Amino acid sequence: MARSLFSTHTPSTPWHLWLVGILALLWNGMGAMDYLLTQTRNSEYMAQFSQEQLAFFYGFPSWVVAAWAIAVWGGVLGAILLLMRRRLAIGVFLISLLAMVLTTVHNYLMVDGMAVIGDSFSLGFTATIFFVALLLYLYSKRLGQQGCLR
């Protein structure tokens with residue numbers, strides 16, 4: 001059977017896309033849960049934090065809360081788009097990463113978040129979040145370059 005000049009060929013989906021996509025959705029889903037429980041001030045969830053930490057979290061200016069929302073929900077959307085094999089995942093993961101940079105600049109450079117939440121575990125976890133976000137962006141970009149995303 002002859003192929004049409006207008007048909008596009010998309011390489012088969014690599015097995016690792018499904019693995020990475022599902023893990024990305026779970027990972028970013030945890031971030032979304034953290035965001036929701038913090039923003040709704042869920043008493044059980046927020047009980048793990050000191051009064052100083054609660055005041056810090058609840059004192060975020062609107063633009064920081066918005067950037068945090070974009071970072072979190074962008075990660076969730078990026079994972080869904082990756083599973084759907086959409087090129088849009090690349091840009092969404094990048095926007096999510098950039099929004100994370102904004103929140104981190106505020107939390108650690110513009111205000112003294114280091115004094116409030118700057119224990120070694122929190123800093124290591126923040127670094128892990130950045131690393132995963134960067135890897136998801138680079139991974140989706142690579143899949144896009146290989147023609148696996150449409």
Side-chain angles (χ1 to χ4, degrees), residues 11-150:
S12 64
T13 305
W15 66 269
H16 49 80
L17 181 143
W18 303 115
L19 177 64
V20 171
I22 290 168
L23 290 175
L25 188 56
L26 292 171
W27 172 262
N28 287 296
M30 289 189 314
M33 183 184 70
D34 174 67
Y35 174 83
L36 282 174
L37 293 174
T38 302
Q39 291 305 302
T40 59
R41 299 182 182 204
N42 180 281
S43 59
E44 288 180 40
Y45 184 72
M46 300 311 287
Q48 67 183 311
F49 300 107
S50 70
Q51 288 300 322
E52 185 181 27
Q53 290 170 324
L54 292 174
F56 178 74
F57 297 140
Y58 298 155
F60 288 163
S62 297
W63 69 268
V64 174
V65 175
W68 184 15
I70 291 167
V72 166
W73 297 108
V76 171
L77 179 59
I80 292 168
L81 291 168
L82 184 64
L83 288 167
M84 294 173 64
R85 297 182 57 200
R86 300 286 186 233
R87 290 187 63 79
L88 188 55
I90 301 165
V92 171
F93 277 135
L94 179 59
I95 290 168
S96 174
L97 178 62
L98 294 174
M100 284 176 39
V101 169
L102 285 176
T103 60
T104 303
V105 164
H106 172 269
N107 293 348
Y108 292 104
L109 298 178
M110 295 175 69
V111 296
D112 196 13
M114 186 71 81
V116 179
I117 55 172
D119 60 274
S120 59
F121 176 79
S122 296
L123 291 175
F125 194 67
T126 298
T128 300
I129 293 169
F130 266 100
F131 184 67
V132 170
L134 178 61
L135 286 179
L136 288 171
Y137 165 67
L138 294 173
Y139 177 78
S140 62
K141 185 176 176 183
R142 177 77 172 173
L143 287 179
Q145 292 168 340
Q146 293 174 346
C148 295
L149 305 178
R150 50 185 188 269

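The model shown is predicted, which means the values in this text are computed figures rather than measured ones.
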About how many Å separate [atom2] of [Y] and [atom1] of [X], when rounded to the nearest 0.5 Å?
X	Y	atom1	atom2	value
Tyr139	His16	OH	NE2	4.5 Å
Asp112	Ile117	CG	CD1	10.5 Å
Leu54	Gln51	CG	CD	5.5 Å
Leu149	Leu17	CG	CG	6.5 Å
Ile129	Leu134	CD1	CG	13.5 Å
Leu82	Leu77	CG	CG	11.0 Å

Test ring pair (Phe, Tyr, Trp, His ring centres under 6.0 Å) applied to Phe60 and Trp63, Tyr58, Phe56, the passing residue: Phe56
Mind listing the closest non-hydrogen atom pair of [X] and [Y] along with its distance?
X	Y	result
Phe93	Ser140	CD1-OG, 3.6 Å
Ala79	Gly21	CB-O, 4.1 Å
Ile70	Ala99	CG2-CB, 3.7 Å

What I'd like to find out is whether the side chain of Gln146 reaches to under 4.5 Å of the side chain of Pro14, using heavy atoms alone. no
With heavy-atom distances below 4.5 Å as the criterion, would you say the side chains of Met46 and Leu37 are in contact? no
Verify the neighbour count for atom CD of Gln145: are there more than 12 heavy atoms of other residues, nucleotides or ligands below 6.0 Å? yes
Go through Leu97 and Phe130 one step at a time and tell me if the side chain to side chain contact (heavy atoms under 4.5 Å, CB included) criterion holds. CA-CA 7 Å; Leu97 178 62; Phe130 266 100; 4.0 Å; yes
Quick one: which of Val76, Leu81, Ile80 gives a side chain to side chain contact (heavy atoms under 4.5 Å, CB included) with Val92? Leu81
For a side chain to side chain contact (heavy atoms under 4.5 Å, CB included) check, start with the C-alpha distance between Val20 and Leu136, then their side-chain angles and the critical distance, and finish with the verdict. CA-CA 8 Å; Val20 171; Leu136 288 171; 3.9 Å; yes
Dump the intermediate steps for side chain to side chain contact (heavy atoms under 4.5 Å, CB included) on Val65 and Tyr35, then the final yes or no. CA-CA 9 Å; Val65 175; Tyr35 174 83; 3.7 Å; yes
May I have the list of side-chain donor-acceptor pairs in residues 120-127 shorter than 3.5 Å, sequence neighbours left out?
unit_1, atom_1, unit_2, atom_2, d
Ser122, OG, Asp119, OD1, 2.9
Ser122, OG, Asp119, OD2, 3.4
Thr126, OG1, Ser122, O, 2.9

Check: Arg150 main-chain N/O paired with Arg85 side-chain donor or acceptor under 3.5 Å: no
Is there a donor-acceptor contact under 3.5 Å from the side chain of Arg87 to the main chain of Gly144? yes
Could you walk me through whether Thr128 and Trp27 satisfy the side chain to side chain contact (heavy atoms under 4.5 Å, CB included) test, starting with their C-alpha distance in whole Å, then the side-chain angles of each, then the deciding distance to 0.1 Å, before giving a yes or no? CA-CA 11 Å; Thr128 300; Trp27 172 262; 4.0 Å; yes
Output all residues satisfying side-chain hydrogen bond (donor to acceptor under 3.5 Å, both in side chains) with Asp34, sequence neighbours left out; order by chain, then residue number. Tyr45
